[in-house]
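First comes the structure, then the notes that go with it.
These numbers were taken from a predicted model, which means no experiment stands behind them.
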Amino acid sequence: MARERQFFEAFYCYPIELPDDVYMVLPGTHEEDQNGVDGWAYTEYGRIPLQITSSRNCAELHWQKRPNTPAVMLVVYETDTPEEIRTQTLRHLQTCLERFRRESERK
């Protein structure tokens, strides 16, 4: 929970400019959290699920438990700054967004 709080504070307590096709990043519900989704990136292409963990080991355990999860896995360390958290998140989201852009161009 502490890393999730740190993650969302990085988006709410500090100024951030999101890419044009990313509207907002919000926490998931308690039920969604129980099912492996800590939050959502709302984009032009739909919601992208986010899973926040405190270590690479926790990320591996999550993947083992939920191998088919579509969630973007984000490892947030206690020492990460808000800028580092946002940069990492946007880098991972960019990969998803590029795939969505290519798919929408094919339609």
TODO: Please test Arg99 against Arg102 for side-chain contact (heavy atoms from CB on, under 4.5 Å), starting from the C-alpha separation and ending with a verdict.
DONE: CA-CA 5 Å; Arg99 187 179 74 243; Arg102 283 192 305 273; 3.9 Å; yes

Task: side-chain contact (heavy atoms from CB on, under 4.5 Å), paired with Leu50, selected from Leu74, Asp38, Val37 - done: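 By the side-chain contact (heavy atoms from CB on, under 4.5 Å) criterion, Leu50 pairs with just one of Leu74, Asp38, Val37: Leu74.
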
Task: Ile52: which of Val76, Thr89, Val72, Asp33 passes side-chain contact (heavy atoms from CB on, under 4.5 Å) - done: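 Going through Val76, Thr89, Val72, Asp33 one by one, the side-chain contact (heavy atoms from CB on, under 4.5 Å) with Ile52 is satisfied by Val76 alone.
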
Open item on the list: On a heavy-atom basis, which atom in Ala71 and which in Gly36 lie closest, and how many Å separate them?
Closed with: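 Closest approach of Ala71 to Gly36: CB-O, 4.4 Å.
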
- [ ] Output yes when Glu83 and Arg86 qualify as a salt bridge under the 4.0 Å nitrogen-oxygen rule, no when they do not.
- [x]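 A salt bridge links Glu83 with Arg86.
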
- [ ] In sequence, state the C-alpha distance, the side-chain angles, and the governing distance for Ile48 and Leu97, and then conclude on side-chain contact (heavy atoms from CB on, under 4.5 Å).
- [x] CA-CA 9 Å; Ile48 298 174; Leu97 292 171; 4.2 Å; yes

Open item on the list: Applying a strict under-4.5 Å side-chain criterion to I, L, V, M, F, W and Y, I'd like to know whether Met73 and Leu90 cluster together.
Closed with: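 No, it is not one cluster - the side chains of Met73 and Leu90 are not joined through contacts under 4.5 Å.
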
Open item on the list: Any donor-acceptor pair under 3.5 Å linking the side-chain atoms of Arg3 with those of Gln6?
Closed with: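 Per modelled atom types, Gln6 and Arg3 side chains form a pair under 3.5 Å.
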
- [ ] Fit a plane to each ring of Phe8 and Tyr12, take the angle between them on a 0 to 90° scale, and name the class: parallel (under 30°), tilted (30 to 60°) or perpendicular (over 60°).
- [x]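 Correct class here is parallel.
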
TODO: Mark yes when over 12 heavy atoms from residues, nucleotides or ligands other than Glu98 sit less than 6.0 Å from its CD; otherwise mark no.
DONE: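 Yes, the 6.0 Å shell around CD holds more than 12 heavy atoms from other groups.
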
TODO: List the steps and the verdict of side-chain contact (heavy atoms from CB on, under 4.5 Å) for Tyr45 and Glu103.
DONE: CA-CA 10 Å; Tyr45 310 100; Glu103 289 172 2; over 6 Å; no

Open item on the list: Please report the interatomic distance OG1(Thr53) to OH(Tyr77), rounded to the nearest 0.5 Å.
Closed with: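 If I round to the nearest 0.5 Å, the distance is 7.5 Å.
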
Name every donor-acceptor pair, under 3.5 Å, that has one atom in a side chain of residues 17-28 and the other anywhere in the protein, sequence neighbours excluded.
from: Asp21; atom 1: OD1; to: Arg101; atom 2: NH2; distance (Å): 3.2
from: Asp21; atom 1: OD2; to: Arg101; atom 2: NE; distance (Å): 3.0
from: Asp21; atom 1: OD2; to: Arg101; atom 2: NH2; distance (Å): 2.7

